[in-house]
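Letters go in sequence order (proteins before strands), and every chain restarts at 1.
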Amino acid sequence: DGGITQSPKYLFRKEGQNVTLSCEQNLNHDAMYWYRQDPGQGLRLIYYSQIVNDFQKGDIAEGYSVSREKKESFPLTVTSAQKNPTAFYLCASSIQGLAYSSYNEQFFGPGTRLTVL
Amino acid sequence: AQSVTQLDSQVPVFEEAPVELRCNYSSSVSVYLFWYVQYPNQGLQLLLKYLSGSTLVKGINGFEAEFNKSQTSFHLRKPSVHISDTAEYFCAVSRGPSSNTGKLIFGQGTTLQVKP
């Protein structure tokens with residue numbers, strides 16, 4: 001079955017450590033996204049990528065980094081510069097990127113819950 | 001710029017009762033509108049979407065929503081809820097065909113609590 005996988009489901013990190021969240025999709029989608037979810041704040045866009053080897057900052061990119069070396073993979077690194085990293089992180093994908101279509105249904109992975117100890 | 005406001009953070013309702021989750025948006029251009037559902041510790045699943053045409057949109061699991069352009073609203077309704085509908089619901093908006101971007105802006109979410 002096609003879909004999006006995120007791993008791990010739960011992740012614990014000590015302060016000052018970088019950590020990488022995995023996101024893989026086998027939907028053959030061009031675009032991929034990372035969102036952060038905090039209680040009562042909805043979803044906020046961290047980074048997005050419309051095509052391999054290209055990505056753009058979203059609304060809250062500070063303290064995060066990404067790479068897009070393969071179409072199916074879009075890992076997110078939460079760096080020590082991120083002041084409040086404890087959150088639920090969601091990865092999504094869509095057929096086309098933001099600049100190519102005015103409508104994109106985004107498909108979501110199951111999420112990774114990151115807790116900083 | 002677009003914005004989305006979900007007017008209720010929590011909506012408690014008894015099983016088999018009707019429910020309405022309210023969503024208002026602001027935009028100076030035409031928009032596309034979406035409702036997503038999130039079950040505990042899971043990702044988001046699309047319930048329904050409005051792109052154009054009929055203002056009454058039917059989705060999965062018996063939900064429907066009505067687009068009201070004059071009131072800039074897109075309220076979600078279900079005539080009879082089940083315990084399994086307990087979840088968080090997100091309204092989202094993207095710019096419509098006048099734009100070349102499909103970025104989604106999400107509301108803050110509404111938690112639907114269905115009681116037996």
A:L43 versus chain B, the contacting section by heavy-atom distance below 4.5 Å: both
Interchain contact, A:Q37 with chain B, by part (heavy-atom threshold 4.5 Å): side chain
Members of residues 108-117 of chain A whose heavy atoms come closer than 4.5 Å to chain B: A:F108, A:G109, A:P110, A:R113
Neighbours of chain B found in residues 74-81 of chain A - heavy atoms under 4.5 Å: none
Closest heavy-atom pair and its distance - B:L46, B:F34: CD1-CD2, 3.9 Å
Minimum-distance pair of heavy atoms, taken over all atoms of B:Q6 and B:C91: OE1-N, 3.0 Å
Nearest-0.5 Å distance that lies between atom OH in A:Y35 and atom CG in B:L44: 9.5 Å
Distance-only donor-acceptor check, side chains A:E24 and A:S73, under 3.5 Å: yes
Side-chain H-bond candidate by donor/acceptor type, A:N18 with A:T20, under 3.5 Å: no
Greater than 12 external heavy atoms within 6.0 Å of B:Y39's OH: yes
Heavy atoms of other groups near A:K9 NZ, more than 12 under 6.0 Å: yes
Which atoms of [X] come close to chain A, meaning under 4.5 Å heavy atom to heavy atom: side chain ones, backbone ones, both, or neither?
{"X": "B:Q38", "answer": "side chain"}
{"X": "B:Y36", "answer": "side chain"}
{"X": "B:E88", "answer": "side chain"}

Partners passing ring-ring contact (aromatic ring centres under 6.0 Å, His included) against A:H29 (at least two apart in sequence or in another chain): A:F107
Aromatic ring pairing A:W34/A:Y89, orientation class (parallel under 30°, perpendicular over 60°, tilted between): perpendicular
Ring geometry between B:Y89 and B:F63 (parallel below 30°, tilted from 30 to 60°, perpendicular above 60°): tilted
Listed once per pair and sorted, the disulfide bond (SG atoms under 2.5 Å apart) pairs that draw on residues 34-72 of chain A, sequence neighbours left out: none
Ionic contact status for B:E64 with B:K58, cut-off 4.0 Å: yes
